[in-house]
Amino acid sequence: MFAVSVLPRFVTAEGPGSCRPSPLGVLWALVSASWYTLPTWAVSRGRALVPQPAVLRGLSVTTGVVPLGPGAAVVAGV
């Protein structure tokens with residue numbers, strides 16, 4: 001819906017009517033495809049790493065230590 005409402009604003013009056021929005025539509029499709037493909041690939045790659053004991057320990061330590069920063073900031077009154 002966003003593309004349908006935004007892309008026509010960037011179409012000029014030059015050239016045949018049916019070809020004007022085509023390059024923008026192709027660009028939109030490529031950006032959308034990469035936007036969904038890259039995170040999917042990263043998640044599938046990460047799923048292979050998570051079961052390793054060292055990675056699980058690192059995630060546990062990180063999720064335990066990271067909240068201490070905002071907690072310390074609240075205690076310090078920052």
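Note that this is a predicted model, so its numbers are computed, not measured.
From L59, atom CG reaches atom CD of Q52 across 11.0 Å, with rounding to the nearest 0.5 Å.
The shortest heavy-atom contact between V31 and S34 is O-OG, 2.9 Å. Summarising the geometry of L56 relative to V50, their closest heavy-atom pair is CG-O, 3.2 Å, with the distance given to 0.1 Å. Between T62 and P67, the shortest heavy-atom contact is O-CD, 4.3 Å.
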